[in-house]
Every structure is written in structure tokens, then in C-alpha cells.
Amino acid sequence: MDDMSRKPNALELHIPKPRARPGDKPDFSGWSFPEPGATPKPDIEESAVEMREYAYGLIRVLDMDGNALGPWTPSISPEELRRGLKYMLLTRAFDERMHRAQRQGKTSFYMQCLGEEAIAIAQTMALNGDDMCFPSYRQQGILIAREYPLVDMMHQIYSNAQDPLKGRQLPIMYSSKKEGFFTISGNLATQVPQAVGWAMASAYSNDGRIAATWLGDGSTAEGDFHAAMTFAAVYKAPVIINVVNNQWAISSFQGIAGGENTTFAARAVGYGMPPLRVDGNDFLAVYAVTKWAAERARANLGPTLIEHFTYRGGPHSTSDDPSRYRPSDEGRCWPLGDPIERLRDHLVSLGEWSEEQHRQAQEEAIETVRATGREAEKVGVLKADAPQPRAEMFEDVYKDVPWHLARQRDEMGS
Amino acid sequence: MDDMSRKPNALELHIPKPRARPGDKPDFSGWSFPEPGATPKPDIEESAVEMREYAYGLIRVLDMDGNALGPWTPSISPEELRRGLKYMLLTRAFDERMHRAQRQGKTSFYMQCLGEEAIAIAQTMALNGDDMCFPSYRQQGILIAREYPLVDMMHQIYSNAQDPLKGRQLPIMYSSKKEGFFTISGNLATQVPQAVGWAMASAYSNDGRIAATWLGDGSTAEGDFHAAMTFAAVYKAPVIINVVNNQWAISSFQGIAGGENTTFAARAVGYGMPPLRVDGNDFLAVYAVTKWAAERARANLGPTLIEHFTYRGGPHSTSDDPSRYRPSDEGRCWPLGDPIERLRDHLVSLGEWSEEQHRQAQEEAIETVRATGREAEKVGVLKADAPQPRAEMFEDVYKDVPWHLARQRDEMGS
Amino acid sequence: MSPGTWRGNATRWGRNHMAQMTMIQALNSALDTMMERDPNVLTFGEDVGYFGGVFKVTEHLQQKYGAKRCFDAPISENGITATAIGMAVYGLRPVVEIQFADYMYPGYDQLVNEASRIRYRSAGDFTVPMTVRMPYGGGIRGGQTHSQSPESLFTHVAGLKTVIPSTPYDAKGLLISAIEDDDPVIFMEPKRIYNGPFDGFHDRQVSPWSKHPASEVPDGYYKIPLGKANVVKEGEALTVIAYGTMVHVALAAATEAGIDAEIIDLRTLVPIDIETIVNSVEKTGRCVIVHEATRTSGFGGELSALVQEHCFYHLEAPIERVTGYDTPYPHSQEWEYFPTPPRIIKAMRRALES
Amino acid sequence: MSPGTWRGNATRWGRNHMAQMTMIQALNSALDTMMERDPNVLTFGEDVGYFGGVFKVTEHLQQKYGAKRCFDAPISENGITATAIGMAVYGLRPVVEIQFADYMYPGYDQLVNEASRIRYRSAGDFTVPMTVRMPYGGGIRGGQTHSQSPESLFTHVAGLKTVIPSTPYDAKGLLISAIEDDDPVIFMEPKRIYNGPFDGFHDRQVSPWSKHPASEVPDGYYKIPLGKANVVKEGEALTVIAYGTMVHVALAAATEAGIDAEIIDLRTLVPIDIETIVNSVEKTGRCVIVHEATRTSGFGGELSALVQEHCFYHLEAPIERVTGYDTPYPHSQEWEYFPTPPRIIKAMRRALES
Ligand SMILES: Cc1ncc(C[n+]2csc(CCOP(=O)(O)OP(=O)(O)O)c2C)c(N)n1
Ligand SMILES: Cc1ncc(C[n+]2csc(CCOP(=O)(O)OP(=O)(O)O)c2C)c(N)n1
Ligand SMILES: [Mg+2]
Ligand SMILES: [Mg+2]
């Protein structure tokens, strides 16, 4: 068409393009959002094939005024909701400070989850405390909701003398077996089939614990995702596979991951796995779908794929500048709002929360982070000279240090 | 249930099991086969999402009496059909002889396509002669339908002095650029994303040629398949991805590849790609769906996934003995019959063929293969001492022989 | 050689009845022994379940232990490796089979970036006690995708151990050690000698394992420690370092040429038994390294570097490498490609005459 | 050293205007030059299109040549590699970017079993003229998944060429040669020196490329042949073999210690320029090999083996290897891990004093 020199009947290569680039007006008109409360809730025993149309809907509970509507409304106490809200506030305050700390040169790298806080936090609250999580790098909310010490997160970020990971990992690549939080990998999607294996092992052992795992929209393109889906479906592994569709990989929009043609929830249909597609900024909806999937898994009915539809509010990481590839106000225009404000409005509308309480909680969160920050920085921030004893570098490669590592350790001196 | 020591609410690991093992009666009651002619034929412009239900049907044209029914009946002349039938007879005769040749120690390995002849042959006839094929190892029918010299196939199988591949490849790993037949790999599924790349290149170059690729049901579990589906969907590559579901990998049934939960055609749904599911033993139906997908691709409407539902009539390869893991009469009980007999019956019912002609054609095929076999064996069969000049081993590793290979060649002597 | 030589270093528990086994039977027996002893041991892979594996290493295990402990996997080496990692993280001891080493690569990322580093990156919090079995090597007319020897792609990866047995006795004892090891172990099985100790002369009669002393294998539990090499033949003239099939080929070469070679079977490539190597080369002053993998960046390069680093002043001749050529493994020219006794003899002579 | 030394072996066509470039700009210029000259050249990878790559190597190319010639890919290194193979088989010359070498492994199978063997297995019928670019190496606080140096995993694979530049001038000339090469080329870019020639002293001021003679880069087309090393500094006392970032670190070490080292920048690892190495080691009699990759089965093993095979009778001291340790790349202990000048100096002294 646009190239007059083309032969008749010639093929053309299609390259997906996002609706808006810097300078353009944000445009979300491509998406349709079913009304809150409009999606029916199937029995956990419903067959996957019967559930395939869920891939094309969007489960929503909260409307934009804070009302909870429809069959997916979970039974969760205001007490619990307030807890969730506080975790979200804490996560956001933590992100803000640590992002800044990186800017101040206190560490090498940071990644926020701005706008996605509801996902990890509501899901963690919907899971049992001993269910095992295999996160990507944007689920710090899990640790916060499981009340892992904030200061240890900071120690890790600063690779300081009290870093539980001994300075070995890039900031935010936390690990805590105690909190059921699997060591984060820098390699996208590798954790997903590992989670399936863990879940298979739990089933093999007639345990009661299930696994949950998270990956981004962009990461679904990796072969690991396919392996995970295949094995989970074949062995009916008790696992929840969460695709956090925040619409962006680094600079590439979800169309480059296949989002132009169908939803990410639809991937599940291909494997005969139930797909749930949920408003990721709706705390109640996320909580509800997770409960449903967890119950299903625990009843030996197998895995569920959940697509959380959301928007990445911040830069990909501190190494990124999103204003170079998308309109700067795109996030603010996201029709499904901010998960914190939406849960706040819901609690307020229930009469269980007030603007004043919210402000106070926000300040408390900031103050907690600030105080913790001071504590962590007292121990140390990232420096050229590592605080870890040099010999430690050679530990944990194997259970015991083999001769060649011992020799390299000796060569290095101390 | 079966294990009384299990804790209440305990998980259990599910391991798929086939309906019948050696000693059992074959049981295909798990499958439903829509009536021939019953499936509507969509426009090639139909959207992939609208076509998703095709994943759960089965496109059939020929009934079991040889009548062609319904909207998918292709317009193909009796002349062409007879050609197809002869290619199938030739393929079967070739397979028989080469399988035997391996048994006689004339070569190391062989793989038949018994029962699957219609797929490669009808598809090749539905494609243009210059469309590019990226086959797995069970599409010898492509070469036969493109009239690649039979004797060269044998030379390859015997790794003899006239082997066009210079004795480098395992038998049946043919390659012929001239016939648009990509060099077969021993690594499953690698050809599938390569085909997508070729198709993207064709589109990039505003060419008119499309690509087609084949892989088995078992091979769909490889990450390459996922990569292929993702890239094909994202860039709307002009490619046909064929899953030959012959229900068995080597010894593992399709349930181990995910066939317990849904069809393989359904995989396409997950990527927003049109799925067609076809009776792979029905020459007319295979021809028709291929024409549809090829037209769609050539119209820049992107890729199609076709699942060919069939049954692997023979052993996996000469290294295999299927009677150890499935009932020996399972193949004979496959409700969708034999593709050769079904096309014969159709031609007979059209008045375009007779039992006598068929017998004659069969004998001709056998005689052709026999004569070709003698010719090839005169050149040589596989022997401990390779007929290829020793120095040839070092060629084609790179375009030019680098010094280290030249040195190794010299060391080896001649 | 004596049975004793072929069995150095084994740790034995209790009294074991001995049986004659092929390498396949010995591997099967190792799995059986460990599945019997430890409910956390399970095994899966392509065709591993009902069928018992394309080489029959897992035969009868599904019948004996049930489908949950020995089962078929989808054809995804990535999924097999990754789910095994997840299981190991849970606390099981999975043993997975990759049908041919040539097919490991789709799962390579999970080995290099994951299995090998989970202990390190979690500072010991999570561990991966898994074993990845895979037949490797040529000489079976497998062509380029059933003949590869990719060991050096594993030895380069810190955090992995790489083990290669050369006899039924070693195979069982090493596999048991691998399964009980708390780190990920790559266990490579020389498929050419699954059924008999091939000496590299393709045109001579192949003798079965039953004629070899190291086919006497205890029925029950015993271990051969990882990281310990075995001097399968003592000698004074030169040192040959080999592993897997090549141990037998090297022995045949020495015998054929009447050279008084000391032959070291590495058994474990990483961590390597440097002491045994150094002791030998310091004694002989000459060294020939033999492997079937392609030469450039093969494990022979590392061995050569180690030997010259440790024994520079004892070396009287250049270290020789006899390896597969830097080409894909050809089908028809298998015996030109394979490092046969004549090639090894030539290298030994060069080493002796320098 | 003179600009001449830094530019040995270039083949130049016509008269080129020179500009000062960083390595990133030089790589970008190579792509630009080739896309301009040859409509069959296209480039894609993660974030490569609109954004121009996370390191900006493909900046402006989409704007200049359109989205069909420079575009974003799904996050599938396997898909990127495999589709590039398909395109190359078609007849294009794809140049793909793997965002970090650490992420190559999911596509490793397509390199090892496919790209490298398609010419061979088809007896020359199909070929794969593709280039796979990837930043590698540490020193940028990237932790274990943004710092790896996996070159020896490629050098072991017959059929692949492996190229590593050390200056902007070389980067452009070598990348153009890689793109025009009719075989698959792994093009590894030392990301630590993308913006300046890092000398290994993390605590000193880093100088920009603009101060380095090899930042003078012709605007247009020129090539540096694959397979030819560059002697970046002549010397008599010993030979240092290095590539990428380590060329600069080795130079700094020699300068710092006042050792008259001859420093060889390999430029191409496979096929290697053995002549240049042998000439140098025969002259100096001593050899230090430097790389950042983990030691065991690193490319240094192969180099050491080659040197002792070719120069055994000229060697006056054991060949030394200075490498990354056999551990994952740690985050906080980056400078303990990195082979810094002091470590190289120690090795040089050992080589001199033996
Ligand atoms: C195997 C691999 N390839 C590439 C990268 C580089 N990378 C890191 S994050 C990222 C984008 C991921 O996008 P998505 O999955 O959507 O997650 P999000 O960041 O949006 O949460 C990329 C390409 C990587 N870390 N690992
Ligand atoms: C990467 C890889 N893994 C494993 C194998 C071994 N293998 C060869 S064929 C086969 C079964 C393939 O089954 P399917 O895809 O259904 O094809 P079919 O043989 O039925 O045509 C297996 C496991 C291989 N060749 N490549
Ligand atoms: Mg994303
Ligand atoms: Mg099959």
C-alpha cells in the first residue's frame, strides 16, 4: 500500500506499534473493561475448557467509587483490608525511598512496583502463610505482606555487612526461605517452571502447600513460560501462575509480547488450563481470584493462570527513562486508577477508614521507611570496597569448598 | 483415595495414563469425531479470535465410504488426486523397503510415516512449488511429491558415495534447497521458529512465497514451538505451522504432551492465531485446510496452526518396538482409517479409479522402489569405511577451511 | 589389570551380594537402591516411565515404585530441568534423564543460570540436590545429534559438578554419590560402553561387560566418592588422562603399542582430582589427554593448562591432546572421527619421542 | 602506543572522513553503514527498535531505516536466534542483539545444534550468514546476571566464529566483517568499555574514548579481517594474551609495573590467529593469559594448551592464567572478583621470576 514499488500479491512484514509515543495523547481506547460485578463466578470444579471465555473478560469487584459489586466480592474483614492497605502504603514508601537512594549513589540499582502494589499484597494475603512464592523482581509486596524485616531488604539493597545474601546479589534480588520467598533470578521467567516443579514435589509428598509464581507480560515469550504451562497442565500441579500484564516490558509495549492478538490469559486456554483475567488495580478482585485459584489447587484440581491487567506506573528500573518511549502522562490516564486510592475509597465507603486515617497511615509508612533507612545506612551502603570478608566469595558455590576454589581463595589473599 | 495414609486435604501428583497398554483392547472412546462435511468453512479474513472454536472440532471431508462432503470439499481434479494417491503409494513402498534395508544392516536407522502419508503429500500439493518447507523427520512425502529423485533419498540413507549430504547426516535427514526442503535436524522443533524467521524474511523482502513447517504432538512441548507461535503471531508471519498429532511421541502418548486437557490446535487460541483441526487421514480435508491457510498467509493475514489428527501406524523408528508400550492392533483400530484406502475409495466412488488400477499402481510403486534400490545399492550401502574422501569431513564447517581444521585434516592423513 | 584397580576408592556399607551387570544394569541398580532407601528420590524424563527409557536405564522402576516416582515427561528438556530444580528446592532428590546429551541445550539456561547458582545467590538458603543423567558420546552411528560430548560446557559452570563413569561398578557407585550429593551433578553416561567396554577397534569383536572385572557390582548400596580419580593402570613411561569410553580406548592403545602408560580415569571432571594427575605426571614427565569432544575449548584444554601449571618443571615433552575434530560428528565417517587407538598411539609415540 | 598499532590489519575502501566515536557509536555506525549498503541487512532484538537498545547501539536506526529493518523482539532469546537463522537461510543478513550475554542461554541450542551446523549438515546447500551481538563482562555492578563472559561456550562449538573487539575502531571494522561473513558470528561486546577504555583501576578517573587514538573511526565502510590478532604493544619480556576489556587492563598493568610486555589483542577467538601468538611467545618465552570469565574451562585453558603445544621448547616459565574466579559474579565484591592490574602484575612477575 504505502510502498508503490511492491509487487502485486507481495507479502509485507507487520511490526506492532503502540497507540501512543512521546508527544502523543495516551490512548486506551483499544481496551474494553466489563462492568465491575458483571463477571459470574464459577465453581472451583468447573472444567478448564468450559472456563475459556474468562480469558476475554476482566474480573472486577470495585467500581471507581469504591463500591464492591458482584459474585467475586470476597469475604474479607475490614481489619484485613486495612492491613492490606498499610502494606501497600509501606511498599510505596519503601519504593520511593530506595529509588531515591539509588539516585543518591547509595546503591547500584532499584526497581519499583508503582501501581502494581495490590497484586503481590492481595495475593499474599489470599495465600496461606506457608505457600511458596516464586516471584519476579516486582513482587516486593510479598515480603512486606509476610512482614519480612524491612531493614533486611535494605541491607540487601545496600550489599552492606548485614546483607543476608552476603552482597552476592544485585539489589532487590531478595531470598528468604523462611518467608516462602524464592531467591529472585535476574533471568526472566526461569522461576515459573521451577514453581511448577516445587508444586509437583508438594503433591508428590502429599503436602498441603501450593506454589504461586509471577512473571511479566513481556516474559511470557520465554520458553520457560511454555514449559511451566505444559508441565503444570500435564501433571495438574497445584500452582498459580500469575502474569502481571503492566503493558510494558522495558521499552516495548505488550503488542511485542503478543498482546495485539489476544489476552495473556488466553495462553491458558491453549493448555486446557483455567484462565482468569482480573483488574490488577482492584485489591478485592485480585484477592478473590487468588482465593479461587488456591482453593482449586488445594483440591487437586490443578493450576490456574491469572492475568493481572495493570499499568507499570514507574520506570522499568533505575536504569530506565520511560519518557523516551511512551507519553509521560500515560500512567495517570490509565482508566483503572491507582490500587491504593481505590482500596482507600472502598474502606471509606464502608465507614471503616477516613481521609485523616489514610494521611496518618501514609505518614507512618514514610516514617517507618525513613527510620529503617537510617538504621540500614548506619550499617552501610554500597561501596567499592565490599564489607564482606573476601573469603566469603568462595563459599556456597558448592556445599563444601573444593580444592580449586580454596586455592583461588588463597591466591587472592585476604 | 487409594493411599489410606494420606493426610486429609493432601495434594496428589497426577500422572497421565493412556487408555490402553499392551494386552488391553484399543480404546478410542475418548475422542469425538464430528461428521464429515459438518464443519463450516470461514472466510480467510475471519479473525483469529472468532475462529477459536475450530480448535475443538475436526474438519472432515471424506466419509468412510469415500464420499466428499461439505463446504471444505476442495476443487481438485481427479488427475491431481490420482497423482496424490500415487505419491502416497510410492512413499509407503519406499518406507517399507528402507525399513527392511535397515533391518538387513544396510544402514543404521530409518523412520517410516506409515498412516501419515496424506499429510505431507496433500499439503505439498496445496502449496506452491516454491513455498519453503521446514519439515520434521516424518514428511518424506514432501520430497516425493516434489519429485526429488528417489535414488538420492536412498543415497542419503546409505551414506554412500553419491549421498548428496556427503555421509554427514543420519539417514532420512534429507536436505534440498532446490525442492524447498530445509535440512532436517535431529533436534526436535528447532525448525519451527526457523520457518517463522524464513517467512518473516519473505515478507520483509516483499516476496510472494510462504513457509510451512511440521512438528509432532510430542515436540510441541519444546520451547521452540512457543517461540515460533509467539513470533509468528506478533509479526503476522506468512507461515503454516503443522502439528502432526499421531498420538505418540516415542513411547509416551499424547497425554504426556498435554493432550489430556485439550487439543493441540487449541494452542493457537492462546496466541490469537487461527486453529484448524483436521482429520489427517483425509487427503481432501488436509488439502483444503492447507489451501485455506496458504491463501490467508499470502493475503498478509498471518499464520495458521493446523493440527492433523492421525495415528502413527509404525514404530517410532527402527530403534523402537511399539508392542512394548501400546496394543499391537491399536493402529488397525484407529477409527479414521488408512489415508491411502480412503483416497482410493473416493476416486473409485467418483468413477475415476478402480481396484485393478490401484493394484497396478501399487505394484508400480513397489517396482520403482525396487529398481531404485538396486541402483542405489550398486553405489553402496553404509559401511564402516566411509566412501567419502577423508578430507571432506573438514569442509563446510565454515565457508573456508580455517587453519586449525586444515591442520587437523593434515594430522589425520588421507 | 586387577579388579582391585578397577574398584579403587569405593566406600562400602555392610555386606553386599555381587552380581554381574552391564553399565545399564548398574545404573538401574543405583536408581533402584536409592529409590528403595530414600522416598525423596524420584526419576523422570522422556520415555523414562512405562517404557523404562530408550536405553532401559529406568526399566522396571515404574512397576516397582509406581508412576509417581518414575514417570514420563513432556519433550521439554527445559521443563525437565526446571521442574527438577523446583523439586530439589522443595527437598526432594530428583534424578532426571536427558535422552541424549545432544538435547540438553534447551535446558542449558536452567543449569547455568539457575541450578548452579541457587545456593550461592541465596547465601545457602536454597539448595539444589539434583542429578541430571545423560548418555553422551559417539561410536554408535548416531550422527551429529546422537553423538555429542558436551562435558566442557558443564565444567565451565561454577556450581555444577560433572561426573563420568567408565565401568558398571563405577557407574553405580558414582551415581549413588551424585544422588546423595547436595549440589547439582551432571552425570554423563558413555553410551558406547553401556553394554560392553569398547576398545576403539570398531572392526574387532566387542567383548561384553561380563568378561570385565568391573562388571562385578554389589547388589546394594555403596558409593564411590566424587572428586577422586582412578589409576586404572600404573605405568612409568607416560600419563594418559581420560574418562568414559576413552579410558578403554586408551588402555587398548597402550596394550596394542606395548607402551608402559599410566592411565588415569578421571571419574569426576569437576571438582577434579589434581593430586592423582600431578603425582602421575611428575613421575612420568609426559602426558597425553584423550577425549571424544571437539578439541577447541574441550575439557582437554583445561587439563593441559592444569598439567602445565602444576608440572611445568617435570614435563619432558609437550602435552598431547587426542580429541574429536573440530567438526560436527559425521555419520559415515564415524571411525575417521572417533579417537581410535592408532591416533592415541601416534600421540603417545610423539610424547615419548620428543 | 601509536594509532597505527591500534589499527593494524584494516582493509579500507575509498576515502573516509574520520570522527571521534565511543565504542557504542562505532557499533552504531557499523550497523548504519551496512544497512545503508545492503538492503538484506536488518537488525532486531529486545528494545532494539524505537528505543535503540538498552545500550543505544541501535539508536536512530529505526527512524532512519523504518521499523521493518530495525525492530523490537519478544523477550525470547530462543525466538530471536531461531528467526534470525530462518532469515539468514532465506538470504538476509540479520544482526540480532541479545541484551546481555547472560541471556543467551535460552537460545543456545539454536546456536550449537543449528546455526553452527546447517552448512555442514546440508553439505553447503543452506548457510547462515547471521551475526549475534551481545554485551558481555563485568565491572558495571551488574551482579551475576549482567556480568558474565561466556565466550568459551561459543569457542567450543565448531561452525561458530567468535569475535571480541577492544576499541571503537576495531568494533566497527570487525562488526562489518562479521556481518559480511557467510558463517554465523558471535560478536561479543565488552560493555565495560562501551564508553571509555577502562584500565581496571576502579578507583581512578576513567578516561573517555575521545582521549584514545582508536576512537578515530572512519565514517564509512572499512573492515578488519576476522582471524587476525593485533599486537597492541610490542615487548620483549613476556607475552600477554587478552581480548576485550582485558586488553586495556593488561596494558595498564604492564605500564604500572614497568614490564616490557608484548600485548596481543586476539580480536577473533575462533578462528584464532596462532601465528601472531607463536611469534610472540617464541620471542619472549613467557606467557600470561588474561580473561574475565571463570577459570575452569575458560578460553584461557585452550590458549594455554595451544601455546604449550606450539611453543613448548621456547617456554621458560609456566604459562599463567589470570581469570575470573570459579564463582558466580558477586555484586559487592566486584573488584575482588575482577582481574585487576595488581593480579596481572603478580602473574607477570611470577612468569618473569620462574
Ligand atoms: C532471559 C532474559 N532476557 C532479557 C532480560 C532483560 N530484561 C530484564 S527486565 C525485561 C523486561 C521484562 O518485562 P516484563 O516481563 O513485562 O516485566 P515487567 O518489568 O514489566 O514487570 C528485560 C527484557 C532478562 N533479565 N532476562
Ligand atoms: C530436543 C530433542 N529431545 C528429544 C529428542 C528424542 N526424540 C526423538 S523423536 C522423539 C519423539 C517425538 O515425538 P513427536 O513429536 O510426537 O513426533 P513423532 O515421532 O510422533 O512424529 C523424541 C523424544 C530429540 N530428537 N530432540
Ligand atoms: Mg511488563
Ligand atoms: Mg507424535
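Numbers restart at 1 for each chain; the letters A, B, ... are given by sequence-line order, proteins then strands.
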Using non-hydrogen atoms and a 4.5 Å limit, figure out which bit of A:H14 sits close to chain D: side chain, backbone, both or neither.
-> neither
Portion of D:N78 that has a non-hydrogen atom of chain A nearer than 4.5 angstrom = neither
Measure distances from A:I250 to the heavy atoms of chain D and classify the residue's part below 4.5 Å as side chain, backbone, both or neither.
-> both
What option among A:G216, A:P171, A:P16, A:P402 has the most heavy-atom pairs under 4.5 Å with chain D?
-> A:P171
Give a yes or no on this: more than 12 heavy atoms of other residues, nucleotides or ligands lie within 6.0 Å of atom NZ of A:K399.
-> no
Honestly, the part of D:E77 sitting under 4.5 Å from a heavy atom of chain A is both
Option in A:Q408, A:R168, A:E411 with maximal non-hydrogen atom pairs under 4.5 Å from chain D = A:Q408
Tell me whether the centres of the aromatic rings in D:F100 and D:F55 are closer together than 6.0 Å.
-> yes
Contact part of A:F109 toward chain D, heavy-atom cut-off under 4.5 Å: side chain, backbone, both or neither?
-> neither
Hey, would you say the A:F225 and A:F264 ring centroids sit under 6.0 Å apart?
-> no
Aromatic ring proximity, centroids under 6.0 angstrom, D:Y50 and A:Y325 = no
When the 4.5 angstrom heavy-atom criterion is applied to D:T145 and chain A, the contacting part is side chain
Yes or no on salt bridge (charged side-chain N to carboxylate O under 4.0 Å, His left out) for D:D326 and A:R409, after CA distance, side-chain angles and deciding distance?
-> CA-CA 10 Å; D:D326 282 320; A:R409 184 180 57 199; over 6 Å; no
Bottom line for A:L13: the part with an atom under 4.5 Å from chain D's heavy atoms is both
A:S108 OG to D:I140 CD1 distance, which is reported to the nearest 0.5 Å | 9.5 Å
Evaluate the criterion side-chain contact (heavy atoms from CB on, under 4.5 Å) for residue pair A:Q140 and A:M153; output intermediate values, then yes/no.
-> CA-CA 9 Å; A:Q140 47 267 62; A:M153 293 172 73; 4.0 Å; yes
Under a 4.5 Å heavy-atom cutoff, which of A:S185, A:A384, A:G255 has the most pairs with chain D?
-> A:A384
May I ask you to decide if the ring planes of D:W335 and D:H202 are parallel, tilted or perpendicular, using 30° and 60° as cut-offs?
-> parallel
May I have the step-by-step check of side-chain contact (heavy atoms from CB on, under 4.5 Å) for A:V151 and A:H155, ending in yes or no?
-> CA-CA 6 Å; A:V151 70; A:H155 290 325; 3.5 Å; yes
At a heavy-atom separation under 4.5 Å, does A:D163 approach chain D through its side chain, its backbone, both, or neither?
-> neither
Below 4.5 Å from any heavy atom of chain D, which atoms of A:P18 appear? Answer side chain, backbone, both or neither.
-> neither
Here the gap from D:M87 atom CE to D:R93 atom CZ, rounded to the nearest 0.5 Å, amounts to 15.0 Å
Per-residue contact mode, D:V54 against chain A (heavy atom under 4.5 angstrom) = side chain
Between A:K17 and chain D, which part of the residue has a heavy atom less than 4.5 Å away: side chain, backbone, both or neither?
-> side chain
Could you go through the ring pair (Phe, Tyr, Trp, His ring centres under 6.0 Å) check for A:Y398 and A:W403 one step at a time?
-> CA-CA 11 Å; A:Y398 300 94; A:W403 76 267; over 10 Å; no
Under 4.5 Å to a heavy atom of chain D? For A:L382 that would be side chain
Leading residue by heavy atom contact count with chain D [cutoff under 4.5 Å; candidates A:D396, A:T190, A:T220, A:L170] | A:L170
Going through the checks in order, is the side-chain contact (heavy atoms from CB on, under 4.5 Å) test met by D:Y108 and D:F154?
-> CA-CA 9 Å; D:Y108 191 59; D:F154 305 118; 4.0 Å; yes
Relative to chain A, which of D:E46, D:H146, D:Q144, D:R343 shows the most heavy atom pairs under 4.5 Å?
-> D:Q144
Residue part contacting chain A, namely of D:E336, when any heavy atom lies under 4.5 Å | both
Pick one of side chain, backbone, both or neither for D:Y329, based on which atoms fall under 4.5 Å of a heavy atom in chain A.
-> backbone
